[in-house]
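One structure is given here, and the rest of the page talks about it.
Numbers for residues simply follow the sequence, beginning at 1.
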Amino acid sequence: MSPRLLGMAMMVGASLCFSGMGVCFRLAMEEGLPIAFVPFARSVFTLALMAPWLLRQGVAGMVTRRPWVMVARCAAGLVTFQSWMYALLLLPLADAVSIAQSRPLWAIPLAALFLSERVRRDRVLAALVGFCGVVIIAQPSGEWSWGMPAALLAGVGGATVFITIKLLSTTEPPMRVIGWYAVASLLVWGPVCALVWVTPSWWALAMLLLGSGLALMGDWLAANAARRAEAGLLSPMEYIQIPAGAMLGFLIFAEWPNWGLPIGVGLMLAATIYLARSAGRSASRARSSGPA
């Protein structure tokens, strides 16, 4: 498998992990936990799961050669999460998902601006087709709410997170990037949780632990995917979260998907398959044009 295809497969795996993470955190919040407790607990569990790596690497393992880019990644992640939470509170779920999932569209111009990636028509077309599938599935109602700019900010912020991870992938190992964000979340959300503390149940703790493990795996896969393929190829892979979320919602929360699901999934799969075949053809041409 070529590095590009492997990177795309890793991004699909990361998206599936994030879908499972969302289910776990929702189950935890249904136990009465405040929203601020989720990112705080995620940071605590992430650092706990990273403990063997941190002990092995020591302080040197967290020293970054690109501190300002790392700070930008942490800030973008914190803003994205908070915006997403507000969007979920203020909008119907379908509206919030359809607007926030616009981040692959933002990733393409951001990649051209900050990564000097060539804006290819096939990747723009694939992102647009995939986003059309998202809109068909979500069927946004179009009613105005302050949740709309919050969801839009979550989409832009998510694209910014992706671009900063791509920038960091050239010099920073994935575990260092994950560790920095966990520390930033701990410092920001720790004082907030002290003010709104609620003792979680054992079930909520289990869901927070499982969700944090899935988040850690998703972050690791996304960071490794960024080392193998361009942002324009990877960002449309995130659309897989929509059908995955619909399936998990049906199985766990008894939420029936709407009539647009098969059409939307078909469009997203078509865009994903098109990009995968395009990447495969590019890799074949690169091998055939290489030295004998």
Side-chain angles (χ1 to χ4, degrees), residues 14 17-55 59 61-62 70-93 96-97 100 145-151 153-155 157-158 160-161 164 175-220 222 241 245 248-249 252-255:
C17 286
F18 293 140
S19 295
M21 174 201 72
V23 169
C24 292
F25 287 161
R26 175 175 167 178
L27 289 170
M29 286 189 289
E30 286 182 349
E31 292 287 303
L33 294 181
I35 293 175
F37 203 94
V38 174
F40 171 73
R42 173 182 171 181
S43 63
V44 171
F45 286 135
T46 297
L47 290 173
L49 292 170
M50 288 181 62
W53 183 86
L54 291 170
L55 291 174
V59 176
M62 292 293 288
M70 192 73 80
V71 169
R73 182 266 177 272
C74 294
L78 292 170
V79 171
T80 299
F81 183 86
Q82 186 69 6
S83 300
W84 177 235
M85 292 298 102
Y86 275 119
L88 289 177
L89 287 173
L90 299 175
L91 286 178
L93 180 59
V97 170
S145 166
W146 283 109
M148 290 185 179
L153 182 58
T160 305
V161 169
T164 54
M175 294 299 284
R176 182 181 298 159
V177 178
I178 296 170
W180 265 69
Y181 180 63
V183 171
S185 297
L186 186 67
L187 294 176
V188 170
W189 294 110
V192 177
C193 285
L195 297 174
V196 296
W197 181 264
V198 173
T199 302
S201 66
W202 288 109
W203 170 251
L205 276 176
M207 290 299 98
L208 288 172
L209 180 58
L210 179 57
S212 299
L214 289 171
L216 180 61
M217 177 60 68
D219 286 339
W220 184 85
Q241 291 185 55
L248 290 172
I252 298 174
F253 301 108
E255 296 176 348

Checklist entry - Above 12 or not: heavy atoms from other molecules or residues under 6.0 Å from CH2 of W53? => result yes

Item to check | Test item: L78 and W189 side chains (from C-beta on) under 4.5 Å apart, heavy atoms | outcome: yes

Item to check | Residue pair A76 / G157: nearest heavy atoms and the distance that separates them | outcome: CB-O, 4.2 Å

Next on the checklist: Within a 6.0 Å radius of atom CE on M50, are there more than 12 heavy atoms belonging to other residues, nucleotides or ligands?
Outcome noted: yes

Checklist entry - Nearest heavy-atom pair of T80 and G158: which atoms, and what distance? => result OG1-N, 3.3 Å

Item to check | Test item: F25 and L208 side chains (from C-beta on) under 4.5 Å apart, heavy atoms | outcome: yes

Checklist entry - For A150 and S83, which heavy atoms make the closest approach, and how far apart are they? => result O-CB, 3.3 Å

Next on the checklist: Would you compute the distance between atom CZ of R176 and atom CG of L54 and round it to the nearest 0.5 angstrom?
Outcome noted: 11.5 Å

Checklist entry - Nearest heavy-atom pair of M62 and G179: which atoms, and what distance? => result CE-C, 3.5 Å

Next on the checklist: How long is the straight-line distance from CG of L214 back to CE of M21, given to the nearest 0.5 Å?
Outcome noted: 8.5 Å

Checklist outcome for this item: Looking only at heavy atoms, the pair that brings G213 and L49 closest together is CA-CD1, 3.8 Å

Checklist entry - For M70, does its backbone N or O pair with a side-chain atom of W180 as donor and acceptor, under 3.5 Å? => result no

Item to check | Between SG on residue C24 and CG on residue L210, distance to nearest 0.5 Å | outcome: 3.5 Å

Checklist outcome for this item: V161 and G77 have their tightest heavy-atom pair at CG2-N, 3.5 Å

Ignoring hydrogens and angles, write down the donor-acceptor pairs under 3.5 Å from the side chains of residues 31-46, residues two or more places apart or on other chains.
unit_1: E31; atom_1: OE1; unit_2: S201; atom_2: OG; d: 3.1
unit_1: R42; atom_1: NH2; unit_2: D219; atom_2: OD2; d: 3.0
unit_1: S43; atom_1: OG; unit_2: P39; atom_2: O; d: 3.4
unit_1: S43; atom_1: OG; unit_2: F40; atom_2: O; d: 2.6
unit_1: T46; atom_1: OG1; unit_2: R42; atom_2: O; d: 2.6

Next on the checklist: Can you confirm whether V23 sits close enough to L27 that some side-chain heavy atom of one is under 4.5 Å from a side-chain heavy atom of the other?
Outcome noted: yes

